[in-house]
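Following: one structure in structure tokens, then a few remarks.
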Amino acid sequence: AFAAAVAAGLAAVAFNFALVHTGADVLFQLPDWVPALGGPYTVEAVASGMSTGLVLAGALLAVAPLTLLLEPAQVVEAVPPVLARTGAAAAAALNLVPALARSFRSVAEAQRLRGWRPRGPASWAEVAVPVVLTAIEDSIQLAEAMEARAFGSGPRTHLRPPALGVTGWGVAGLALAAVLAFVLSRALGWAADWYAYPVWQLPTFSPLPALACSALVLPAWLWRSHAWTA
């Protein structure tokens with residue numbers, strides 16, 4: 001998950017730097033006749049790309065715990081009955097990434113046992129094609145299993161009601177408090193918008209929004225403490 005977040009952030013910086021030719025601080029310039037890439041390359045484009053990359057990385061890291069720690073059934077149980085179909089779709093989507101990762105590892109290992117070695121981007125098609133076909137086959141099997149269980153034909157049933165412990169309620173309350181603090185900061189103008197253009201400058205620092213965002217790290221700390229004491 002961390003590697004994917006870093007890759008997404010770097011990709012955002014690279015694309016923004018190569019395609020956005022706006023800003024006062026020019027590093028170098030390509031001729032304007034070069035399609036898409038022609039024009040000035042600026043510090044502001046790098047700063048804006050870093051801002052976008054941090055947003056993408058934060059979104060990936062926020063979703064990663066759901067894919068790593070939650071079972072798809074827990075996602076379905078967490079939504080109200082009126083959103084049962086939405087919960088099923090979200091559960092299938094959350095299960096897609098780890099399933100693809102497992103399929104990729106197994107296919108790559110099987111190909112290596114047959115003598116395959118990576119020889120460049122084109123050679124990875126020998127791994128990517130079986131992975132895609134496996135994903136399609138798994139999706140068909142999932143659809144058939146849902147149809148065999150009469151999915152959507154009646155109200156959702158429950159094996160057992162989900163329950164939150166003291167730690168779970170504490171984390172939920174802290175997350176809600178952090179969201180409210182950040183919304184209040186935006187309403188009062190303490191968390192102002194930041195733009196890299198036309199001249200790059202450091203964003204303003206506000207203690208309350210920073211504290212609200214820092215509080216969201218507590219679930220990871222609690223999980224790590226529980227893992228060490230378990």
Side-chain angles (χ1 to χ4, degrees), residues 1-70 75 86 89-90 93-94 96-98 100-101 104 120-122 124 128 171-221 223-224:
F2 182 76
V6 173
L10 293 177
V13 174
F15 277 107
N16 206 74
F17 182 60
L19 300 177
V20 180
H21 308 289
T22 305
D25 300 312
V26 179
L27 296 174
F28 60 90
Q29 186 167 349
L30 294 180
D32 293 335
W33 54 264
V34 178
L37 300 179
Y41 286 72
T42 64
V43 176
E44 287 75 15
V46 176
S48 179
M50 292 177 63
S51 176
T52 304
L54 287 174
V55 173
L56 292 175
L60 286 174
L61 292 176
V63 176
L66 296 179
T67 62
L68 296 175
L69 300 178
L70 289 182
V75 178
T86 304
L94 290 174
L96 176 63
V97 175
L100 283 177
F104 180 84
W124 284 98
V171 170
L174 182 64
L176 179 60
V179 171
L180 293 177
F182 196 84
V183 171
L184 177 64
S185 301
R186 290 285 297 174
L188 297 179
W190 296 342
D193 293 327
W194 178 78
Y195 299 101
Y197 307 103
V199 179
W200 179 82
Q201 59 183 353
L202 292 175
T204 58
F205 177 78
S206 301
L208 183 58
L211 181 62
C213 293
S214 300
L216 298 177
V217 182
L218 183 61
W221 180 79
W223 174 79
R224 184 176 178 85

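As the structure is a prediction and not an experimental result, all values here were calculated from the model.
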Measure across Leu56 and Ala8 and return the closest heavy-atom pair with its distance rounded to 0.1 Å. CD1-O, 4.1 Å

Once rounded to the nearest 0.5 Å, what's the spacing between atom OH of Tyr195 and atom CD of Gln201? 12.5 Å

Does the Ser185 side chain pair with the main chain of Ala181, one donor and one acceptor, at a distance under 3.5 Å? yes

Considering residues at least two apart in sequence or located in another chain, which fulfil the side-chain contact (heavy atoms from CB on, under 4.5 Å) criterion with Ser51? Trp194

Could you note down all residue pairs passing side chain to side chain donor-acceptor pair (under 3.5 Å) where residues 6-24 supplies at least one of them, sequence neighbours left out? Asn16-Tyr197

Are any of the side-chain heavy atoms of Phe17 and Leu27 separated by less than 4.5 Å? yes

What one should report as the nearest heavy-atom pair of Leu37 and Leu19 is CD2-CD2, 4.2 Å

Leu180 and side chain to side chain contact (heavy atoms under 4.5 Å, CB included): which single residue from Leu184, Val183, Leu176 fits? Leu176

Ignoring hydrogens, what is the shortest heavy-atom contact between Ala47 and Ala196? Give both atom names and the distance. CB-CB, 4.2 Å

How far does CZ of Phe182 sit from CG of Leu208, to the nearest 0.5 angstrom? 9.5 Å

Can you list everything that forms a salt bridge (Lys or Arg N to Asp or Glu O under 4.0 Å) with Asp32? Sequence neighbours excluded, please. none

Within the structure provided, determine whether Thr42 and Asp25 are in side-chain contact (heavy-atom separation under 4.5 Å). no

Side chain proximity check, Tyr41 to Leu30, heavy atoms < 4.5 angstrom: yes

